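What follows is a set of notes on a single structure, which appears directly below.
Not measured: the values here are computed from a predicted model. Side chains are part of it too, since the values below use all heavy atoms of this structure and drop only hydrogens, waters and symmetry mates.
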Amino acid sequence: EEGVKIRFPHQLDFATSGVLMVGLDKKTTAWLRTCFDGGSIQKEYLALLDGTVLGDSTIDVPVARYEGEATLPPRGPPGTHRGAKDFRMMAGAGGAGN
């Protein structure tokens, strides 16, 4: 529709891809932003890992990032870690849950 302004109530984290939710008016966008900020809408991520994963767990430290062969510290100033992230293993080399 001509003249419709698309607004973004959230953004993707750096170096990720995925679906973005959009609002078509200020009221809806503000409500969606409140839902994201309050935790009633949450983002989920799927990661492909190379190495050994021992099953479901929690990551409660900032995660390093990689550029080529270099291991770099997490982005952002010290102390800006957002908290623990639970993860579950969906499939392994030997099939689901392995």
Pairs touching residues 20-29 that satisfy side-chain hydrogen bond (donor to acceptor under 3.5 Å, both in side chains), sequence neighbours left out: D25-T28
Which pair of non-hydrogen atoms, one from L32 and one from V22, has the smallest distance, and what is that distance? CD1-O, 4.0 Å
List, one per line, each side-chain donor-acceptor pair under 3.5 Å for residues 33-40, sequence neighbours excluded.
from	atom 1	to	atom 2	distance (Å)
R33	NH2	F8	O	3.0
T34	OG1	A30	O	2.9
S40	OG	C35	O	3.4

Rounded to the nearest 0.5 Å, what separation is found between the CD1 atom of I41 and the NE2 atom of H10? 8.0 Å
Residues sharing V19's hydrophobic cluster, by side-chain heavy-atom contacts under 4.5 Å among ILVMFWY, directly or via others? none
Of all heavy-atom pairs between P9 and G23, which one has the smallest distance, and what is that distance? CD-N, 4.1 Å
